[in-house]
Structure formats: structure tokens, C-alpha cells
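We count residues from 1, following the sequence as given.
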Amino acid sequence: MQLLYVRYLAACPVDEIQCVARTRRRQRCTSTLLSRGAPAGVWRLVPATAASGQLALPAAVMAVYDLSGVPYAEQLRWRAQRCLQHAAIPTAADLAVADWEPFEPLRHHEHIHNRLPARARRPGPTGRAHQAARP
Ligand SMILES: [Zn+2]
């Protein structure tokens, strides 16, 4: 995933990334960040190059869920890992920490896919490409 000019590895598929805010019932919010009515990112194939100073994988492309095109405030919302509702309530405490991990092509090479996900427009619990790809 790319947001705020940085590539991150999410802990789960894009459509399952969950809000970290605490609800009034003291439980973690179950809303996902991806929601109807909010601007969505686009899946793109980008060169699988690393940040400066790291080795690049030659001639490799990878699928990235790119949020660069959405408004800055929306990218901040994703980075803070909050749903639309909790993004509007900054005083609500976080129950969990955002679990973005800076993406490193060499360390996270098993997450590099050189094709766009077939289910990109069809969120659902089935067809997790990165799991199916494992032996
Ligand atoms: Zn929430």
C-alpha cells in the first residue's frame, strides 16, 4: 500500500484493515477503513524498487494499493488507521496501535505480486491471493 509517499505493508488484506479506535463500549471498532462513500485507492503495478540505500529487485514490478490520488486528509485517516466515523472524533482513544510496517522489498518479498489482484473491485472473505500462493 502506498500512502503519504511511503509504501507500507498492511497486516491483512486492504479490505479487512480494521479501525483501531475504541468504541463507547470499550471494544475495538469493527469498521474497516475501506468504506462506501470514501474515496478509494487504485491498484497499480509499480517498480519493486526499495527506498534509497536499499537494493532494488531488477525488472520486478509489484501490485500496490495506491492512495496517492485521494485527498491528504484521507491518507492521514488511513495512516492513523481509523474508520470514517472515528476519523471525525479525534478524542476517541485508540485501543490498538496502527500496524503498518514500512515495506521492504527484500524482507517482504513474499508479498510482492506482479499482477493486480483479480478481486480488487470485489471485497469479500474469499480468494486471498497471497495465501493461495503459498505452498
Ligand atoms: Zn472506527
Side-chain angles (χ1 to χ4, degrees):
M1 173 164 293
Q2 181 156 319
L3 66 151
L4 300 170
Y5 304 104
V6 179
R7 282 181 197 164
Y8 292 101
L9 182 65
C12 60
V14 168
D15 51 13
E16 294 173 22
I17 300 175
Q18 194 186 331
C19 177
V20 294
R22 188 170 67 179
T23 64
R24 285 196 207 118
R25 303 165 79 183
R26 298 179 176 276
Q27 286 165 345
R28 180 171 173 177
C29 173
T30 54
S31 301
T32 54
L33 304 197
L34 199 64
S35 51
R36 220 171 293 169
V42 286
W43 282 100
R44 291 198 306 137
L45 289 176
V46 299
T49 49
S52 58
Q54 289 180 314
L55 284 172
L57 302 177
V61 293
M62 62 187 229
V64 163
Y65 189 72
D66 186 9
L67 284 163
S68 309
V70 309
Y72 183 69
E74 269 294 289
Q75 297 188 51
L76 287 179
R77 177 174 79 79
W78 278 80
R79 183 65 185 84
Q81 211 173 321
R82 282 177 167 238
C83 69
L84 280 176
Q85 186 196 346
H86 283 114
I89 315 171
T91 50
D94 286 347
L95 190 65
V97 292
D99 43 16
W100 298 113
E101 200 179 339
F103 182 77
E104 296 172 32
L106 296 177
R107 195 153 68 86
H108 300 137
H109 60 90
E110 79 269 23
H111 295 284
I112 294 180
H113 301 286
N114 55 15
R115 289 184 189 177
L116 298 174
R119 64 186 190 102
R121 304 304 310 164
R122 198 165 41 83
T126 54
R128 294 185 189 176
H130 68 280
Q131 289 187 355
R134 283 182 192 150

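With rounding to the nearest 0.5 Å, the separation of CE in Met62 from CG in Leu45 is 10.0 Å. To the nearest 0.5 Å, atoms OH (Tyr65) and CG (Leu34) are separated by 4.5 Å.
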Taking only distance into account, with no hydrogens and no angle test, what donor-acceptor pairs under 3.5 Å do side-chain atoms of residues 88-102 form with protein atoms, sequence neighbours excluded?
residue	atom	partner	partner atom	Å
Asp94	OD1	Arg82	NE	3.2
Asp94	OD1	Arg82	NH2	2.7
Asp99	OD1	Gln81	NE2	3.3
Trp100	NE1	Trp78	O	3.0
Trp100	NE1	Arg79	O	3.2
Glu101	OE2	Arg107	NH2	3.2
Glu101	OE2	His108	NE2	3.2

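With sequence neighbours left out, the side-chain hydrogen bond (donor to acceptor under 3.5 Å, both in side chains) criterion links Ser31 to no other residue. Under the side-chain hydrogen bond (donor to acceptor under 3.5 Å, both in side chains) criterion, Gln18 pairs with no residue, sequence neighbours left out. Evaluation of the side-chain hydrogen bond (donor to acceptor under 3.5 Å, both in side chains) rule for Gln75 yields no partner, not counting sequence neighbours. By the side-chain contact (heavy atoms from CB on, under 4.5 Å) test, Pro71 is found to be paired with Pro39, Glu74, residues two or more places apart in sequence or in another chain being considered. Under the side-chain contact (heavy atoms from CB on, under 4.5 Å) criterion, Val42 pairs with Arg44, Asp66, sequence neighbours left out.
One hydrophobic cluster, built from ILVMFWY side chains closer than 4.5 Å, holds both Leu3 and Leu116. Under the 4.5 Å side-chain heavy-atom criterion for Ile, Leu, Val, Met, Phe, Trp and Tyr, Val20 and Ile17 are members of distinct hydrophobic clusters. Linking ILVMFWY side-chain heavy atoms closer than 4.5 Å, directly or via other members, places Trp43 and Met1 in a single hydrophobic cluster.
Contact annotation: the side chain of Thr32 never approaches that of Glu16 to less than 4.5 Å [non-hydrogen atoms, C-beta and beyond].
Closest approach of Arg7 and Ala48 over heavy atoms only: NH1-CA, 4.5 Å.
Identified under the ring pair (Phe, Tyr, Trp, His ring centres under 6.0 Å) test for residues 12-38, with sequence neighbours left out: none.
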Quiz item: Under the side chain to side chain contact (heavy atoms under 4.5 Å, CB included) criterion, do Phe103 and Ile112 qualify, and how do the steps go?
Solution: CA-CA 10 Å; Phe103 182 77; Ile112 294 180; 3.7 Å; yes
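Hydrophobic cluster of Leu4: the remaining members, joined at side-chain heavy-atom separations below 4.5 Å, are Tyr72, Leu76, listed by chain and number.
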